[in-house]
Amino acid sequence: MEFLESLNDAQRKAVEHINGPAMIIAGAGSGKTRVLTFKIAYLIYKGIDPFNILSLTFTNKAAKEMKERIASSVGESYAKNLWMGTFHSVFAKILRIEHQKIGFPSNFTIYDTDDSKSLIKTLLKDMNLDPKVYKPGLVYNRISSAKNNLISANEYSKNSAIISEDTRSSKPLIYELYKKYQNKLLRAGAMDFDDLLFKTNELLRDDPQVLHKYQNKFKYIMVDEFQDTNFSQFTILKRLAALFENITVVGDDAQSIYAFRGANIQNILNFNKTYPDAEVFRLEQNYRSTQNIVNAANSVISKNKEQLKKTVWTQNDVGEKIRVFRNNSDQEEGMAIANEIFRLNNETHLDFESYAILYRTNAQSRALEEALRKSDIPYRIYGGLSFYQRKEIKDLLGYFRVTLNPNDEEAIKRIINFPVRGIGKTTIDKMVLAATENDTGLWQVLTDPIGYNCNLNGPTVAKIRSFADLIKSFRIIIEKESAYDSGQKIAASSGLLKEFYADKSAEGLSRYENIQELLAGLKEFSEDQKEQGLPNGLADFMSEVALLSDQDNTADDQKEKVTLMTIHAAKGLEFPYVFVAGLEENLFPSQLSINSREDLEEERRLFYVALTRAKKRVHVSYALTRFKWGNLIYCEPSRFIEDISEEFLDYPYLENQTQRFHEYTKKQQPSISIPSNAPKPYSPPRNLKKLSSSSPSNFEGSPSELIITGAEVEHQRFGKGKVLQVEGQSPNKKATVFFQGIGQKQLLLKFAKLKVL
DNA sequence: TAATGTAGAGTTTTT
DNA sequence: CTCTACATTA
């Protein structure tokens, strides 16, 4: 066990602790992950069966990396028996095993946030509620936080405090929505993210046999990022650990930055109350950053009231002070950072991947990107729309979902008329109505439209039948074929591949590429699973995919590129040089946080996280003016800059510059007008199209019989074009026309006026 | 049914 | 400003 030699005293003690509850408070950069992996390896060396170890992490990526590290230390054959993953993925797995006990199919669907919100929208329509008052996002958050606090729909409706809170915000019927929402999920054989934890809690609470089974299986439990767990998660832990109490949690209260989505910092602050015998280990030596960075970060976090006692220190060099950049505008801020990176790079000859620019909101990336582009500095930006949220990906996954679970109504609605097969809104509404009246699901109606008496005409019934048959044929395919083969066939037979292939616009091209990428992922999955002798069907793929995120796709193309990301996304990462941009009041700290101490403290922890990402030097910057939604606004430097003790700051111009700024703004007030000498951003001319399309309309179309393949035609708006194809029967005759300079368009002849030339 | 127009909203994010 | 969701129009 010579690996223990490489640990410091505190780390080694934490690793060697085996029995009983333990809390490891791990300061930033203190080698937390190393301790956790070593501890698991140590348990295995001590003869504990990996089969009895459960290790929970914040992301799948973290789990995967840790598993690999353990495998390289104790051997693959041991490591593969470890249960390792996020709360959601581990307990989804268990719920699939125990599905009968909770009344769900084993291949239940996991609804993502979009599915949930769309379901809430349809419920609002049913109940005739105004979606402007009952904003789906708000309703969802309300239900989500109830679930995270283990309040069922029934308990919710009986909780007077909650009801009166909802009434005060003029949304008294949320309890009703919650109930209906759960009913719909049950009927759809679906769970949302919170349900995965909620149902696990119910299962462990109500079924002593199941509880006993998993208590005995998971004799040793490790939890990473414990500061970001919520009540529901902690309750699961308490239940599972109740028998042996071999639970080790690792975390840093100073880095708790996810309260806004239900994480409860009290879990870590009060761990000792739940487990009075818990041994507490403090990892306080920082191996990452210079003394100046560590001390500056400490001075910031000390302004928070709620925290566990610890003193992070380092033996590293003193290093340089935190540099403060003051700028007149967000553009200038970007240029200042770009210039500094350029200068540093000449000086140090480091790769561009040594630099990160961190910010509070994604919207800030634009000005920064522009500056980097102008300076020819390569960068990679994280965030934005994730791969799995893209339309085309959700479309294909929608087909997979319906195939696996035809009760998945959100997925049915997504794909039933995409690609278009003539089943429109009216038809769907009729069938939904029939389903509601007969107290059944949409799929049942789809498979027997006549039996349910939906008042549909013959051709429509035929279209519905052929859609149902299509799905049924997919069900046969996935019975015996691999995920890849099934996926390939479904993508082709559904018409999706053709649909995206036909679209030759830039967007269409990238959509097609994304579909291909997903199929490539399926292929990789199928082959990997087969190699390992594991099941490789579509169902197996789908049971994992709902819980994956972009960060799990370890794309290694960030080499030689500057990293741009939000501070949240930077958690757990490190860079030699870090730029924290936009340190302005109402931006960082965010405007929404400055009214409560708790929220403000969370923002301050976020700043702490930002500072402690850096190894060598930190630059913080702010702008005096910034464009927000097209308007120039004036900004004040963030209070967080003053939270850094002056001795660690390099703030050359602080006094005279800010003073000048204040004089300047005073002069301008009270009329908030843009001074003529203020920098104006470049904005390209817009709405050119509008000007060219406003001609009076006395345009006559030719009769549809004259519109034939090959004909040269003219359209009022699109101009001259050539008919490539005509399909369908009058009055639903459709022509595909190629217009010069515009591209291919599909037009319904009963609407579009086309003149034959 | 599909393209186009318009109103409204707009932290942080993983599962 | 920019994106999205819904209504409108052909």
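Every chain is numbered from 1, with letters handed out A, B, ... down the list of sequences. Since this is a predicted model, take the numbers as computed values, not measurements.
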**Q** Looking only at side-chain N and O atoms, does A:R366 come under 4.0 Å of OP1 or OP2 in C:dT2?
**A** yes

**Q** Can you check whether A:N362 has a side-chain N or O nearer than 4.0 Å to OP1 or OP2 of B:dT13?
**A** yes

**Q** Using Watson-Crick or G-U wobble pairs with both distances under 3.5 Å, give me DNA chain C in dot-bracket, 5' to 3', with [ ] for crossers and | for pairs to another strand.
**A** ||||||||||

**Q** Can you check whether any acceptor in the base of B:dT15 is under 3.5 Å from a donor in the side chain of A:S89, or vice versa?
**A** no

**Q** Considering every strand and a 4.0 Å limit on heavy-atom distances, what is the contact class for A:S590: base, sugar-phosphate, or nothing?
**A** base

**Q** What does A:I423 touch in the nucleic acid at a heavy-atom separation under 4.0 angstrom: a base, only the sugar-phosphate, or nothing?
**A** sugar-phosphate

**Q** Side chain of A:N417 only, please: which of B:dT1, B:dT11, B:dT14 is the nearest?
**A** B:dT1

**Q** Measure the acute angle between the ring planes of A:F104 and A:F108, then classify it against the limits of 30° and 60° as parallel, tilted or perpendicular.
**A** perpendicular

**Q** Answer with base, sugar-phosphate or nothing: what part of the nucleic acid does A:K121 contact at a heavy-atom distance below 4.0 Å?
**A** sugar-phosphate

**Q** Establish, with yes or no, whether the OP1 or OP2 oxygen of B:dT13 is under 4.0 angstrom from a side-chain nitrogen or oxygen of A:T566.
**A** yes

**Q** Remember a base hit wins even if backbone is also touched, and classify A:Y258 as base, sugar-phosphate or nothing at under 4.0 Å, heavy atoms.
**A** sugar-phosphate

**Q** Pick the nucleotide of DNA chain B nearest each of A:T426 and A:Q591; which residue has the one closer to the 5' end?
**A** A:T426

**Q** Give a yes/no verdict on base stacking between B:dT12 and A:F260: centres under 5.5 Å, planes within less than 30° of parallel.
**A** yes

**Q** Angle class for the A:F588/A:F607 ring planes (parallel below 30°, perpendicular above 60°, tilted otherwise)?
**A** perpendicular

